[in-house]
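Written below as structure tokens is the structure these notes are about.
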Amino acid sequence: MRLAIIGCGAIGSTIARAVDRGTIPARLVALHDIVEEKCRELAESLGAQKPLVARSLEELLEARPQVVVEAASQEAVKTLGPRILEAGAHLVVLSVGALLDPEARDRLLEAAQRGSTEIHVPSGAIAGLDALKALRLVGIERLTLRTRKPPRALGVETEEPKLLFKGPASEAVKRFPANINVAAALTLAAGVEPVVEIVADPAVERNTHEILVESPASGLRIVVENTPSPDNPKTSYLASLSTISLLRSLATSSGLRVGS
Ligand SMILES: NC(=O)c1ccc[n+]([C@@H]2O[C@H](COP(=O)([O-])OP(=O)(O)OC[C@H]3O[C@@H](n4cnc5c(N)ncnc54)[C@H](O)[C@@H]3O)[C@@H](O)[C@H]2O)c1
């Protein structure tokens, strides 16, 4: 599998290193970041892999990736995503909030159709999307996401727990574009928007997501407590790991697919 990465920050670097170690059986053909230096440093830190440092999307596509991981920003998904999909590469989207913008989503889906390609959304920093996809078949009556993060991860200072936001997921991803992609992944899996609460809590060390679901078939209460990535406290290590796991299954066709 020929793989390219857009965004050489916390998640992009972890994925590149997983390819370099052989955890993802793929060839890393290109890296791209608006800050070119970040790609250069990452490329130089790798051993076995010698990716091209692409200065533009065109250069990245010239490396003929079969799969492109977006680990950059919602803006990158909207501006670069359609051209990637149309050029024949599958797109793995981390900045999932972009997919809650109906116009952007339609453009991406049309491009995927033209390119006979697919958009993959890893489960990211949460768990339970498999059950939500199943429960939407009988109707989801109530879906709530309560996110607690250390104040520094949310860019605030407070001595007490502070509710920063309560409202629909589509509004949450606009107000906190780098922090609440999990709300977008839940929306896409469930087919309904969760009510999102974001709390800055000095008492928590881990990024904590509590997902509450009510449906005629099941009630779910899922609590995920994530260690922040050492490179970016906003980002949970699990987000990188779930992407690595997805890329491993895209790269190997063992015929056995679990939990997808
Ligand atoms: N789905 C999830 O569960 C989940 C979890 C954590 C983070 N994320 C999202 O994944 C993305 C990456 O997270 P991260 O922690 O690696 O972030 P990061 O800030 O560590 O790295 C992002 C990198 O992308 C680059 N970048 C930004 N906009 C770009 C553009 N338009 N074109 C090219 N490069 C661009 C930046 O220069 C930076 O180097 C963010 O949008 C983040 O919100 C998703």
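Every value quoted in this text rests on a predicted model; they were computed, and no experiment measured them. Just follow the structure's listing: the first ligand is 1, and inside any ligand the first atom is 1.
- For ligand 1, the polar-atom distance check finds an N/O of I11 within less than 3.5 Å of one of the ligand's N/O atoms.
- Considering only non-hydrogen protein atoms, atom 3 (O) of ligand 1 sits nearest to A125 N, 3.0 Å.
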Criterion side-chain hydrogen bond (donor to acceptor under 3.5 Å, both in side chains) on E197 and T144, from CA distance to verdict:
CA-CA 8 Å; E197 294 175 19; T144 307; over 6 Å; no
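- A donor-acceptor contact closer than 3.5 angstrom links the side chains of H209 and T147.
- Considering backbone and side-chain atoms alike, H32 places every N or O at 3.5 Å or more from each N or O of ligand 1.
- Grouping the Ile, Leu, Val, Met, Phe, Trp and Tyr side chains by contacts below 4.5 angstrom, directly or via other members, places V19 apart from V29.
- Residue contacts with ligand 1, taken as heavy atom pairs separated by less than 4.0 Å, involve A10 via backbone and side-chain atoms alike.
- The ligand atoms of ligand 1 that sit less than 4.0 angstrom from a heavy atom of A239 are 5 (C), 6 (C).
- Considering only non-hydrogen protein atoms, atom 17 (O) of ligand 1 sits nearest to N232 ND2, 3.4 Å.
- Protein heavy atom in closest approach to atom 8 (N) of ligand 1: N181 ND2, 3.4 Å.
- Between P168 and E193 the shortest side-chain heavy-atom distance falls below 4.5 Å.
- Residue K38 places at least one N or O, backbone or side chain, under 3.5 Å from an N or O of ligand 1.
- The existence of a salt bridge linking E36 and R40 is confirmed by a sub-4.0 Å separation between a basic side-chain nitrogen and an acidic carboxylate oxygen.
- Considering only non-hydrogen protein atoms, atom 1 (N) of ligand 1 sits nearest to L94 O, 3.1 Å.
- Heavy atoms from other residues, nucleotides or ligands lying under 6.0 Å from CD of E160 number 12 at most.
- Protein heavy atom nearest atom 21 (O) of ligand 1, with residue, atom name and distance: G9 CA, 3.2 Å.
- H120 is not listed as a side-chain neighbour of V93, based on a closest heavy-atom distance of 4.5 Å or more.
- Atom numbering of ligand 1 starts at 1 in the shown order; those under 4.0 Å from a heavy atom of V35 are 37 (O).
- Side-chain atoms of V196 and L186, non-hydrogen and from C-beta on, never get closer than 4.5 Å to each other.
- Within 6.0 Å of CZ in R248 there are 12 or fewer heavy atoms belonging to other residues, nucleotides or ligands.
- Comment: R148 engages D201 in a salt bridge, judged by a side-chain N to carboxylate O separation of less than 4.0 angstrom.
- The shortest side-chain heavy-atom distance between L212 and E210 falls under the 4.5 Å cut-off.
- The protein atom (non-hydrogen) at minimum distance from atom 33 (C) of ligand 1 is I34 N, 3.4 Å.
- Of all atoms in ligand 1, listed by their number and element, those nearer than 4.0 Å to a heavy atom of A178 are 43 (O).
- When hydrogens are left out, the protein atom nearest atom 41 (O) of ligand 1 is S95 OG, 2.6 Å; that is the closest non-hydrogen contact.
- Those atoms of ligand 1 that come under 4.0 Å of a heavy atom in V96, given as number and element, are 1 (N).
- Proximity annotation for atom 37 (O) of ligand 1: of D33, T14, V121, V93, D33 comes nearest, heavy atoms only.
- Within the 4.0 Å heavy-atom shell around ligand 1 one does not find A185.
- The atoms of ligand 1 that sit less than 4.0 Å from any heavy atom of G7 are 23 (C), 24 (O).
- Cluster membership for L164 and L145, using ILVMFWY side-chain heavy atoms within less than 4.5 angstrom, is shared.
- T235 OG1, 3.6 Å is the protein heavy atom nearest to atom 6 (C) of ligand 1.
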